Structures are given as C-alpha cells and as structure tokens.
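This is a predicted model, so every value here is computed, not measured.
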Amino acid sequence: MARTKTAATAPSGASAKTSRNGRLSNAERSAYFARREAAKVLRLVLRGDARRRAVGSIKSLVYSPSVKNKKATFALVCQTLKHLSIIKQVLDSASILNSKWKRQEELVYILTYDILFGQEISLVGDAEKFLMLHKGAIQSALARLLVRNKVKSIEDLMALYQTPDVPKPRYVRVNTLKMDVDSAVLELGKQFVVQKDDLVPDLLILPPGCDLHDHPLIVNGCVFLQGKASSMVAAALAPKPGWKVLDACSAPGNKTVHLAALMKGKGKIVACELNKERVRRLKDTIKLSGAASIFINSLNQPEDIEVLHGDFLNLDPKDPAYSEVRAILLDPSCSGSGTAAERLDHLLPSHASGHTADPTEMERLNKLSAFQKKALRHALSFPGVERVVYSTCSIHQVENEDVIKSVLPIAMSFGFQLATSFPQWNCRGLPVFEGSEHLLRTDPVEDKEGFFIALFVKGNIIDRSKNPTMPSSYNSKDNIFCQLGTQKKVRA
C-alpha cells in the first residue's frame, strides 16, 4: 500500500510512456483504470460516511468482485483518504475547479493525491489533462498551506492530520466446506507463520500485515478473511447439522457461510437482507464459499441457501415456512464503533471531526438501538426457535447491554434465558443488570476490535446439568467485564 511521496513531474509530449502507435502502454492503462475504480470506491465511502450509513467498509468495497485492480485501488483509496484534508484545502486554495469537475470530485481527489504525493501522471484522460494543466497552481497552494501551518515538510504537515495505524494479527477462517483446517495450515505455512486459534476451531492466526487478497485459497473460497470476534458469532449459535436456521441480517455473508460450514451441508439456511446492493454481495459470498450447491434437505435432495431480499421484520413468525426454524442469528445494523480500526474508519472525515461526541451521532445511536430492540424481540417470537444469538460490532452500551436488558421480560415470556457463550472467555458484559455475566464482549484495545455477543437459549440453561457447555469451574460471581479498552474485576 506504500506509495512514494515525491511530487509528480509532467511527462514530455503527450505522454512519456505512450507507445509509438498512440495506444496506451500496459502501465498507463492499469493506472488509468485503477484511478477510476478508486474514485468509485471513494464516492461510496465518502457518501456513506456523510450519511452515517456505510454500504461497506473500505476493505470490503475494494475487495469486491467488481474491482479488478484491487491492490492499486486499495492503495489509492487509503492514501487519498489519509491526505484528504490536505487535498481539499489545496484545491480550495487553488480555485481551479468548475462545476463539471466538482461533479467528479472523487476522481479529482485521487488525481490530486498522485500529482502531489504519488506517482507520475500521464495525459491519458480528460481529468488528468485538466489537472496537469493546473499542476503549478496546485503545488503553489500546497506551499502556501505549509507556510500557514508553520511546518517545513510534507511529513510535518501530515503529522497534524494522521492517526497511527493499529497493528493486529491477520485472522483467516478456513471454509471447511471446501478444505480441512490442517490442509489450510500446510498450504499457508509455505509463505507465513501460521497458528491455530485456541477458541474457534476453524480460525487461523497469521502475522500482522500479511497480504492474502490475491492468495489462491482466498480467491477460490477455501479461506475467508474474517476477524476472530466475527468468527465467534456463528460458533456461539452452534447450529446442528439438519437444522433450519435463519440469518436475519446476513450481508455480506461471512457469518452465513460460516453457519453453512458448521452445519456440514445438512439442513437449510434462510438468509435475509434488505439492501439490494448488499444482496448482490451476499450471493457472491455464498457462491464463492460453495455453500450454494452443497446443502442436502431431509429428503436427500440438494437445496440452495435461500436468499430473501426483504425486511426480516416483515417475516411472519406464524408462517408455516418458518415453523421449523430452530436457530436465528441476528447481527443487525449497528454503529460499527468496535471495528473502526479494522474498517480503517480513522481515515474517514467523520472520524477526524470527532463525530462521536456530536448530538447527531447520539441521535443515530438511539435510532439504531430502537431498531435493534425491535429486531431482537421479533427474533425471539418465532415459536420453533431454540437458540438466538444477538451480536454487534459496537462498543456502546446503548446498542448492547441496554438492548438485552430491555427485551429480557419478553424473552422470558417466550421461555428464553441468557446462556454463557464461550465461558472460558474472560471479558463479559457490563454489570448493568443481573445476568450480564452471560454476555460476551471483545476488548477494542486488547483484542483490536470491540464485539458483543448475547446468546438466548430456550429452557433452563442455568442448570449446569442441562448446560454441558458451562464448565463446573465457571463462577458467575467472579466476572471480568470490559469497558472501552479496560478490564476490571467485579464481585457481583
């Protein structure tokens, strides 16, 4: 992802690298299309950030099947976002953009990054020609910005805006529908140091910074790039082979296909997703995993994962089509505050402006919480369901413990109680109500991501004789809970 920070020089003639017959060289063609792919991703990222409704993370958008030159596109998007505040100030000071180019501002940002900090630009497109024509004005505006901020170098100027990257191990989940764990360890071990995770059986740990996006095992769906906390969600639900399972908010589909692997291709999964664009991503994930053609129903007939493009809240629990659903995974829309580092949110304009203290952001959190409560109450109302997992990638109590506390009375009326998922995991829920020790949190500092998992099980799960997953050594009165990166010992 590193790109040189030397100012670009204008190529001599029409292009220094254009072939003699006037056609683009391979390098020019690759750079031309990478910039436009990066501009499309940047547009989605910035619009989603402005509306606080992201279509996907930076990584997921770049590494979608529609993006061809993934490595170059990812580098361009990330580097442009890192320099975006400077780029905007430079363009504003240079006063060169008319209404035409303001409508293509994301491409202009990408090209301005390359002109000031990146690689040499050839005159191969209208936008390139326009900005190179005004290269002198752009560079002069940057010089004035250095003077205004009383710094002498680009590095000093960047230090005023940048947030350090957060190093974390690279986790990958082996797709056991296509490959066994030991074979994956052997294959990945040819290039990297690989360890098996001690909690999630099909999860592997690689060194930080490993670039696996073009690795054959990723490309063919044998291995998925998936964090540890995210991989714990489907494992907490623990559906049995032969069950019918409902994934209520399923895109982009990593948890959906993890469920399919845990069920060993026996049973049925109904994957529900409201957003049309995310439905496409869900289908791509299912196809890549091989889960689309592996399931066998009770009549020994092949059966695809059923993708429902619609609102989970509109599903009728009394509909005979869902009478056999025995488990529901509910991972609803949330603030995403726990995966801000993984999603590279520190690169976004909203992060730089400190929006978390904004009243608008609190209003958004309250709206999300209201939806989450409604969705969880709905999931608990399906009569045949025995297990429900509610999960978020949020660190906020209002989206986590407060949601669970509010639905507990109705959960109990349906015969559900909270169960302890992964009892060996020390970091539990905030002690804001009796029973919060059953909840699970991952720590945003120690674990490098903040997730929340609550498991509801129908029946008397507190009795250890009926709950073999809770070891006899587990003491609910000796609980460690996590709060914004701090672990504390608590006596109930």
Side-chain angles (χ1 to χ4, degrees), residues 53 55 233-234 236-260 262-263 266-286 289 291-292 295 297-298 303-334 367-393 399 403-404 406-416 418 452-459:
R53 291 182 62 86
V55 175
V233 175
L237 187 64
K240 296 180 181 179
W243 279 18
K244 186 172 183 177
V245 177
L246 177 58
D247 190 352
C249 307
S250 50
N254 285 349
K255 297 181 183 71
T256 310
V257 298
H258 193 187
L259 291 171
L262 293 171
M263 294 166 68
K266 298 178 181 179
K268 182 177 177 64
I269 295 177
V270 179
C272 192
E273 176 56 47
L274 178 60
N275 183 281
K276 184 178 180 180
E277 290 297 320
R278 289 168 64 82
V279 165
R280 293 196 187 99
R281 294 180 60 206
L282 170 61
K283 290 181 177 180
D284 288 340
T285 303
I286 293 171
S289 74
F295 267 78
N297 65 16
S298 58
E303 187 166 4
D304 293 346
I305 291 178
E306 181 182 352
V307 176
L308 289 181
H309 177 203
D311 190 344
F312 165 66
L313 293 175
N314 290 335
L315 301 186
D316 183 359
K318 298 179 181 179
D319 188 328
Y322 307 114
S323 61
E324 296 180 356
V325 172
R326 298 181 67 178
I328 293 179
L329 191 156
L330 176 62
D331 186 54
S333 297
C334 72
K367 287 182 178 180
L368 283 168
S369 179
F371 164 73
Q372 292 155 355
K373 293 172 184 176
K374 187 175 182 180
L376 182 52
R377 286 194 295 267
H378 190 60
L380 294 166
S381 70
F382 284 72
V385 168
E386 302 172 21
R387 297 173 72 87
V388 174
V389 158
Y390 171 83
S391 65
T392 73
C393 52
E399 297 183 89
V403 171
I404 303 305
S406 72
V407 304
L408 274 179
I410 194 170
M412 294 178 65
S413 72
F414 288 126
F416 286 99
L418 284 171
F452 176 86
I453 298 174
L455 170 63
F456 291 87
V457 175
K458 191 169 286 185

Of the non-hydrogen atoms in [X] and [Y], which two are nearest, and what is the gap between them?
{"X": "Ala375", "Y": "Leu313", "value": "CA-CD2, 3.7 Å"}
{"X": "Pro252", "Y": "Thr285", "value": "O-OG1, 2.7 Å"}
{"X": "Leu259", "Y": "Pro239", "value": "CD2-CG, 3.8 Å"}
{"X": "His258", "Y": "Ala234", "value": "ND1-CB, 3.6 Å"}
{"X": "Pro332", "Y": "Ser391", "value": "CD-O, 3.3 Å"}
{"X": "Ser413", "Y": "Ile410", "value": "OG-O, 2.6 Å"}

Query raised in the report: Please walk me through it: do Val307 and Lys283 pass side chain to side chain contact (heavy atoms under 4.5 Å, CB included)?
Result: CA-CA 8 Å; Val307 176; Lys283 290 181 177 180; 4.1 Å; yes
How many angstroms lie between atom [atom1] of [X] and atom [atom2] of [Y], to the nearest 0.5 angstrom?
{"X": "Ile328", "Y": "His378", "atom1": "CD1", "atom2": "NE2", "result": "7.5 Å"}
{"X": "Cys249", "Y": "Gln372", "atom1": "SG", "atom2": "CD", "result": "9.5 Å"}
{"X": "Cys272", "Y": "Leu246", "atom1": "SG", "atom2": "CG", "result": "6.5 Å"}
{"X": "Leu282", "Y": "Asn254", "atom1": "CG", "atom2": "CG", "result": "10.0 Å"}
{"X": "Lys318", "Y": "Ser323", "atom1": "NZ", "atom2": "OG", "result": "13.5 Å"}
{"X": "Tyr390", "Y": "Glu399", "atom1": "OH", "atom2": "CD", "result": "6.5 Å"}

Pairwise side-chain contact, [X] with [Y], heavy-atom cut-off 4.5 Å (strictly under):
{"X": "Val325", "Y": "Val270", "result": "no"}
{"X": "Pro317", "Y": "Tyr322", "result": "no"}
{"X": "Arg377", "Y": "Phe414", "result": "no"}
{"X": "Val388", "Y": "Leu376", "result": "yes"}
{"X": "Val389", "Y": "Leu330", "result": "no"}
{"X": "Ile269", "Y": "Glu306", "result": "no"}
{"X": "Leu408", "Y": "Leu418", "result": "yes"}
{"X": "Arg281", "Y": "Glu277", "result": "no"}

Query raised in the report: Would you call the rings of Phe416 and Phe456 parallel, tilted or perpendicular, where under 30° means parallel and over 60° means perpendicular?
Result: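 Taking Phe456 first and then Phe416, their aromatic rings stand perpendicular (interplane angle over 60°).
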Query - Which residues share a salt bridge (charged side-chain N to carboxylate O under 4.0 Å, His left out) with Lys367, sequence neighbours left out - result: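 Result, salt bridge (charged side-chain N to carboxylate O under 4.0 Å, His left out) vs Lys367: Glu363.
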Query raised in the report: Does the pair His309 and Lys276 meet the rule for a side chain to side chain contact (heavy atoms under 4.5 Å, CB included), with working shown?
Result: CA-CA 7 Å; His309 177 203; Lys276 184 178 180 180; 3.9 Å; yes
Requested in this report: Kindly state each residue pair satisfying salt bridge (Lys or Arg N to Asp or Glu O under 4.0 Å) with at least one member in residues 323-332, sequence neighbours excluded.
Outcome: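 Qualifying pairs, neighbours excluded: Lys255-Asp331, Arg326-Glu386.
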Requested in this report: Give a yes or no answer on whether the side chain of Lys373 reaches the backbone of Val407 with a donor-acceptor pair at less than 3.5 Å.
Outcome: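 Side chain of Lys373 to backbone of Val407, a donor-acceptor pair under 3.5 Å: no, none is there.
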Query raised in the report: Any sub-3.5 Å donor-acceptor pair from Arg387's side-chain atoms to Ala236's backbone N or O?
Result: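 At least one qualifying donor-acceptor pair exists.
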